[in-house]
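This report concerns only the one structure given below.
Just so you know, these numbers come straight off a predicted model, no measurement behind them. Throughout, a chain's letter reflects where its sequence line sits, starting with A, and its residues are numbered from 1.
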Number of protein chains: 2
Amino acid sequence: MTCVNLIGMTANLAIDLDRSSPVPLYFQVAEQIAEAIRRGDLAPGARLDNEILLADKLGLSRPTIRQAIQYLVDKGLLVRKRGVGTQVVHGQVKRSVELTSLYDDLRRAGQEPATRVIALEPRSVDEEIAAILGLEPGTEALYLERLRYAAGEPLALLHNWLPLGLARLGATDLETRGLYELLRGAGVRMRVANQRIGARAAGQSEARLLGERRGAPLLTMIRTTYDDQGRAVEHGSHVYRASHYSLEVTLIER
Amino acid sequence: MTCVNLIGMTANLAIDLDRSSPVPLYFQVAEQIAEAIRRGDLAPGARLDNEILLADKLGLSRPTIRQAIQYLVDKGLLVRKRGVGTQVVHGQVKRSVELTSLYDDLRRAGQEPATRVIALEPRSVDEEIAAILGLEPGTEALYLERLRYAAGEPLALLHNWLPLGLARLGATDLETRGLYELLRGAGVRMRVANQRIGARAAGQSEARLLGERRGAPLLTMIRTTYDDQGRAVEHGSHVYRASHYSLEVTLIER
DNA sequence: CCGTCGCATTTGTCTGGACATTATGACCTG
DNA sequence: CAGGTCATAATGTCCAGACAAATGCGACGG
């Protein structure tokens, strides 16, 4: 277990390394730098020591340090410039959107999410859904329809299709946890999601369920999520009350 | 200039390497694999040769090959699994959203975009815009308002604020090119963008400009873009006709 | 006084190797 | 035949070093 002070002049940043831990060294470094940025020990604009010096101080090789820094650059926390150095980004950039469900997002924001399961049953898929999920038309998939509340108010109407046998989903589970959390718990490893975001006016039945007037603007999201091997694991078609919700996305150019 | 056949059994993928080119080797490899995937020479699910063999065939080191593959994994084209190998993702995943403007997107989609510049002038910024752009309240910034058409139809109403002195923007330029293209051409290097996407009903003046009825659903996007060093270079507040446009986003979990 | 050239600094790219960790399937055992 | 065990294969992590390229700044010269 090493412990070294980084970044000479500007701040005193201590980094612990535990070589016996299964956590990769580059990740230990990255996490602790990120933590220092979050705490404010590394102010926006602060320059890190150069990679070689850093590697030296920590007793690591330069590629390992580079991997740690690269990880943070990809997350948008650091910026590198050849011939200049590595700096903490100025604007406070929010964490890049991850593969999370609305439920997780709400709970992280301190809201009190609740869910009403409207439908949860195998249904035969039409041609479009079959093509999306990579199934034969006419076979069955799990159909799921939920109404999501936040702070006691209806917020979103969620429709999902999932391949059968992916996870044992009970209505009770779905009322106390998010779909993504349940899938992850069942060993499903989601990797890529493709979303299409749009808007439209509320129809009559939607309006009633969501407590809006007919014609009220709704935010729509259609999302397909793929796992490890590129197999579709979930297809969702959701509508949100635009008056109560918006989506946040962070883009990072390599 | 080397030229080697890759991927033993499944397909015949030739990769040219030009060591005298200034283009990094890992990038040459990545581009050509990506091209093969786009062409279909590498079908979804196809397994690549393992990294060591690949490195051997191309006369490169393993880290270089890994860098090429990592680049494609980050873009969502490939999937790696330890102990198994590297595969082309199954679902045809669209290209991850880059830092492009609506104009570029439209032109790439084969549409014929047109722009009408409504306002282009320095204006003193209020407190909110000042905080976003990192300026003092009351100082001036460039205010820009445009109406964007596609296929002859009005599509979006775009409002932008930019720090002064960033680039010389003429109304003529803005009518023939996208804002992002102009900024890039002026040497501005955009790196991170933060977007908030929502929806609301059209107001009267918006509706008139966009050719919609009052109350029609509009897709809204508020975006702040930061450069290299984390300085804000652009803040936009845009509304799109939901009936004619939707946004696409691809998320990739590392 | 100003511009240009060159140098030092720093990240970018690349090499060649070593060992660890994790899936997968074949094999052996109960 | 079922189950666990072990070998194998592939990616993940890490090391030590070399040269290239870009940037910024200072020194030199016009």
Give a yes or no on this: more than 12 heavy atoms of other residues, nucleotides or ligands lie within 6.0 Å of atom CD of Glu136(A).
no
Find the distance between [atom1] ([X]) and [atom2] ([Y]) and round it off to the nearest 0.5 Å.
{"X": "Leu77(B)", "Y": "Leu42(B)", "atom1": "CG", "atom2": "CG", "result": "10.5 Å"}
{"X": "Leu48(A)", "Y": "Thr86(A)", "atom1": "CG", "atom2": "OG1", "result": "6.0 Å"}
{"X": "Glu234(A)", "Y": "Tyr180(A)", "atom1": "CD", "atom2": "OH", "result": "4.0 Å"}

Find every protein N or O atom lying less than 3.5 Å from an N or O atom of nucleotides 3-8 of chain D, and list the pairs.
none

Could you tell me whether the side chain of Gln195(B) and the main chain of Met221(B) form a donor-acceptor pair under 3.5 Å?
no
Base, backbone or nothing for each nucleotide of nucleotides 10-17 of chain D, written B, S, -, heavy atoms under 4.0 angstrom, 5' to 3'?
BBBBSBB-
Please verify the inter-ring angle class for Tyr143(A) with Trp161(A); under 30° counts as parallel, over 60° as perpendicular, anything in between as tilted.
tilted
Does this structure show an ion pair linking Arg38(B) with Glu35(B), if we count only N-O contacts that are shorter than 4.0 Å?
yes
Considering the options Thr225(B), Val125(B), Leu133(B), which one meets the side chain to side chain contact (heavy atoms under 4.5 Å, CB included) requirement together with His235(B)?
Leu133(B)
Measure from CG on Leu58(B) to C1' on dT15(C) and round the result to the nearest Å.
15 Å
